[in-house]
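Worksheet: one structure, shown below.
So that the names make sense, note that chain A is the first sequence line, chain B the second, and so on, each numbered from 1.
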2 protein chains.
Amino acid sequence: MRDDPHLDGHERLTASGRERIARTTLHDELVARLRDLIVEGELAPGTRVPERILCERFGVSRTPLREALKVLASEGLLELLPNRGATVARLTVADLEELFPVMGALEALAGELACARISDEEIAEIRALHYQMVLHYTRRELPAYFRLNQSIHERIMTAAGNPTLARMYRSLAGRIRRARYIANMSRARWERAVEEHEAILDALARRDAPRLARILKQHLQNKYETVKESLQAQDGTASQDDRRRPSHSA
Amino acid sequence: MRDDPHLDGHERLTASGRERIARTTLHDELVARLRDLIVEGELAPGTRVPERILCERFGVSRTPLREALKVLASEGLLELLPNRGATVARLTVADLEELFPVMGALEALAGELACARISDEEIAEIRALHYQMVLHYTRRELPAYFRLNQSIHERIMTAAGNPTLARMYRSLAGRIRRARYIANMSRARWERAVEEHEAILDALARRDAPRLARILKQHLQNKYETVKESLQAQDGTASQDDRRRPSHSA
DNA sequence: TCATTATGAATTGCATGCAATCTCTTGTGG
DNA sequence: CCACAAGAGATTGCATGCAATTCATAATGA
């Protein structure tokens with residue numbers, strides 16, 4: 001049970017106060033909230049998601065909800081079987097093997113584009129985030145590290161100034177992020193990741209587009225290796241446990 | 001005036017990967033058919049698309065239609081304004097400037113992956129398509145050339161064996177394809193494009209992944225230049241005309 | 001004449017209802 | 001005891017209805 005799972009319900013929105021974002025329609029709001037629920041892991045992969053449950057949870061009727069389900073299915077977060085309802089898409093090793101190279105290509109492109117457009121100030125901001133991230137690394141604070149890490153990649157993506165690219169990136173990132181609960185970085189991996197980030201920052205500061213692209217691509221490749229090993233190790237020990245949700249750590 | 005009301009029996013196999021079941025639901029079928037209508041240019045960019053019209057056209061009620069509209073909007077083919085209905089998304093020069101680099105990155109990745117997996121037989125098939133395309137080039141048969149061209153890129157994408165990548169690629173390709181009506185290739189550009197395709201085939205046959213990636217990326221970049229020049233030339237002569245009707249000349 | 005407003009029609013957003021399909025339990029025969 | 005079938009209950013797919021918003025057109029006033 002989460003905090004205030006109900007939308008405004010029947011009470012018609014009076015545009016005063018309560019709405020932070022200018023989200024005008026119910027289905028758009030539902031898409032956003034359901035996506036969060038899935039990406040944040042509250043709705044575990046493989047879970048069946050009956051319309052009725054969600055309708056009650058959000059206090060809406062089935063029509064806008066179903067519209068939202070269709071959108072999320074087209075994003076790959078849900079699987080929709082005709083007459084059989086929606087299930088949260090599972091994330092198999094095969095899926096990750098597909099997703100990471102694409103992420104790598106998109107991030108590499110973002111890096112290239114960013115090199116051509118980024119301002120000194122933006123670089124300074126990223127540098128600040130970077131060293132804060134390094135601090136969390138030295139303190140072994142994984143959740144905070146993840147948050148900063150994600151933030152840095154997000155900044156580079158923004159600096160690329162290509163909304164289409166950013167949209168695709170975020171879509172993939174949302175799918176992949178669900179895997180972070182199951183990826184246990186070894187000490188060595190973590191150190192290497194930080195080193196790579198150091199190189200990313202350096203290439204970005206020098207506006208060395210080809211190098212940044214190469215590093216980012218490799219960075220994603222390594223990330224995949226980490227996740228894959230971790231996943232395979234878990235498969236060996238606890239085969240069915242991925243159905244249950246590990247603790248919320250990030 | 002419902003054209004072809006038997007939507008259900010269609011069984012389109014556009015499925016990349018996991019969709020084994022034939023399309024049985026109305027909204028899925030509607031998504032596919034509406035997408036075709038938009039991509040093929042039958043629904044011109046900027047056109048308002050009232051639900052009522054589409055309902056009559058397809059002989060369905062508003063519920064499944066609206067579900068389809070939401071999905072197409074999330075793909076970027078439609079723009080949905082709250083309480084104001086759907087319009088076919090316009091394709092501005094700025095949009096193309098965003099789309100082509102992403103396409104380039106995705107195709108480059110596809111080329112790389114394909115080099116690692118493609119069979120001799122698949123290469124032979126692509127070679128056959130290539131030379132048929134060249135034939136159409138020598139005969140100056142643009143529509144047929146386009147078709148074969150598209151087919152070749154599609155084959156490379158398939159050979160990459162990455163359904164996620166393919167899905168993103170097709171989504172972008174659908175959006176970009178609508179621009180082909182307005183892109184007039186000069187003789188020199190066309191020749192160069194064919195040369196590039198020659199190089200693509202060569203790199204693929206040698207499984208030279210880095211080179212293929214480089215060529216594909218450049219190929220897309222050149223394509224963008226072509227479209228851009230053509231578009232700017234048209235902007236010069238008929239500044240506002242693209243708002244009303246793009247010429248149907250495929 | 002032009003700008004502004006008022007009013008009715010059309011369109012959208014959402015809720016609800018009904019038929020078709022699926023699921024799960026119970027019962028029957030081998 | 002197991003396999004299979006039948007039926008009730010639940011769930012999905014789609015159509016329709018109603019309220020709210022937008023759009024179009026006419027009317028009013030400066």
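Residues in residues 100-114 of chain B take part in these salt bridge (charged side-chain N to carboxylate O under 4.0 Å, His left out) pairs, two or more places apart or across chains: A/Lys217-B/Glu112. Listed by first and then second residue, the salt bridge (charged side-chain N to carboxylate O under 4.0 Å, His left out) pairs that reach into residues 162-173 of chain A are A/Glu154-A/Arg170, sequence neighbours excluded.
Picking from C/dC14, C/dA15, D/dC14 the nucleotide with the shortest atom distance to the side chain of B/Thr25 gives D/dC14.
As rounded to whole Å, 15 Å separates atom C1' of C/dC14 from atom CG of B/Leu69. We find that CG of A/Leu26 is positioned 13 Å from P of C/dT16, with the value rounded to whole Å. For the pair B/Asp28 CG and D/dG13 P, the computed distance is 9 Å after rounding to whole Å. Rounded to a whole Å, the NZ atom of A/Lys70 is 8 Å from the P atom of D/dC14. Here C/dT11 presents its P atom at 7 Å from CD1 of B/Ile53, a figure rounded to the nearest Å. The separation between B/Glu67 atom CD and D/dC14 atom C1' is 8 Å, rounded to whole Å. In this structure, A/Leu65 atom CG and D/dG13 atom C1' are separated by 14 Å, rounded to whole Å. B/Glu79 has its CD atom 15 Å from the P atom of C/dT12, to the nearest Å.
With sequence neighbours left out, B/Glu97 forms a side chain to side chain contact (heavy atoms under 4.5 Å, CB included) with B/Tyr224. Under the salt bridge (Lys or Arg N to Asp or Glu O under 4.0 Å) criterion, B/Arg52 pairs with B/Glu56, not counting sequence neighbours. By the ring-ring contact (aromatic ring centres under 6.0 Å, His included) test, B/His27 pairs with no residue at all, sequence neighbours left out. In this structure, B/Arg175 has no salt bridge (Lys or Arg N to Asp or Glu O under 4.0 Å) partners at least two apart in sequence or on a different chain. In this structure, the side chain to side chain donor-acceptor pair (under 3.5 Å) partners of A/Asn149, at least two apart in sequence or on a different chain, are A/His153, A/His197.
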For DNA chain D, the dot-bracket notation using Watson-Crick and G-U wobble pairs below 3.5 Å, [ ] for pseudoknot-type crossings and | for other-strand pairs, is ||||||||||||||||||||||||||||||
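At the phosphate of C/dC14, neither OP1 nor OP2 sits under 4.0 Å from any side-chain N or O atom of A/Thr63. Note on A/His27: every side-chain N or O is 4.0 Å or more away from OP1 and OP2 of C/dG13.
Residue A/Val102 comes nearest to A/Leu172 through the heavy atom pair CG1-CD1, 3.5 Å, listed as atom of the first residue, atom of the second, then distance.
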Check the interface with nucleotides 5-12 of chain D: list each N/O to N/O pair with the protein under 3.5 Å, or write none.
unit_1: D/dT12; atom_1: OP1; unit_2: A/Glu51; atom_2: N; d: 3.4
unit_1: D/dT12; atom_1: OP2; unit_2: A/Glu51; atom_2: N; d: 3.4
unit_1: D/dT12; atom_1: O3'; unit_2: A/Asn83; atom_2: N; d: 3.4

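Checked by atom type and distance alone, the side chain of A/Arg48 pairs as donor or acceptor with a backbone atom of A/Arg84 at under 3.5 Å.
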